[in-house]
Amino acid sequence: KQFTFGRSYQVSDYVVDMADYISRAHCVIFYSEKNGCFFVKDVSSNGTYFYNGVRLKKDTFIKVDINSKISLGANTTVLKVGVDDESRLV
């Protein structure tokens with residue numbers, strides 16, 4: 001299952017912020033049941049970053065650990081990749 005995060009209801013599954021530094025479709029988070037792990041792909045104009053400031057390679061799925069923090073654009077919008085207590089992707 002994969003979900004797109006961004007600032008447009010038309011092209012994103014989840015709208016995380018309406019700020020200009022967030023692209024309409026900013027990143028895609030994919031959970032691989034086969035591998036039991038998450039992957040993140042940057043599809044933005046302004047970049048998607050690991051919380052330590054390292055930029056993800058554009059248009060490439062990168063494996064991330066559960067509870068990893070991903071910053072969108074200007075580093076003020078942060079997503080935490082994981083599963084909640086009811087086994088739902090968060």
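Residues Ile70 and Val78 form no side-chain contact, since every pair of their non-hydrogen atoms from C-beta on lies 4.5 Å or further apart. Two residues are said to be in side-chain contact when any heavy atoms from C-beta on lie closer than 4.5 Å; Cys27 and Leu56 fail this criterion. At least one side-chain heavy atom of Val28 sits under 4.5 Å from a side-chain heavy atom of Phe61.
Ser68 is linked by a side-chain hydrogen bond (donor to acceptor under 3.5 Å, both in side chains) to nothing, counting only residues two or more places apart in sequence or in another chain. For the side-chain hydrogen bond (donor to acceptor under 3.5 Å, both in side chains) test, residues two or more places apart in sequence or in another chain that qualify with Ser32 are Asn35. Applying the ring pair (Phe, Tyr, Trp, His ring centres under 6.0 Å) rule to Phe39 yields no partners; only residues at least two apart in sequence or on another chain are considered. Legend: residues meeting side-chain contact (heavy atoms from CB on, under 4.5 Å) with Asn52, ordered by chain and number and at least two apart, are Phe50, Val54. Shown here are the side-chain hydrogen bond (donor to acceptor under 3.5 Å, both in side chains) partners of Asp20, two or more places apart in sequence or in another chain: there are none. In this view, Val11 and Ser8, Arg24, Ala25 satisfy the side-chain contact (heavy atoms from CB on, under 4.5 Å) rule, not counting sequence neighbours. In this structure Glu33 satisfies the side-chain hydrogen bond (donor to acceptor under 3.5 Å, both in side chains) test with no other residue, sequence neighbours excluded.
Between the side chain of His26 and the backbone N or O of Gly47, at least one donor-acceptor pair lies under 3.5 Å. The closest donor-acceptor contact from the side chain of Asp42 to the backbone of Lys57 lies at 3.5 Å or more, if one exists at all.
The heavy-atom pair separating Lys80 from Asn67 by the smallest distance is CE-OD1, 3.3 Å.
Residue Lys58 qualifies as enclosed at atom NZ: its count of foreign heavy atoms under 6.0 Å is above 12.
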- prompt: side chain to side chain contact (heavy atoms under 4.5 Å, CB included) between Val43 and Asp59: does it pass, once the steps are laid out?
  reply: CA-CA 6 Å; Val43 294; Asp59 294 323; 3.8 Å; yes

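Separating the CZ atom in Phe5 from the CG atom in Leu79 is a distance of 6.0 Å, to the nearest 0.5 Å.
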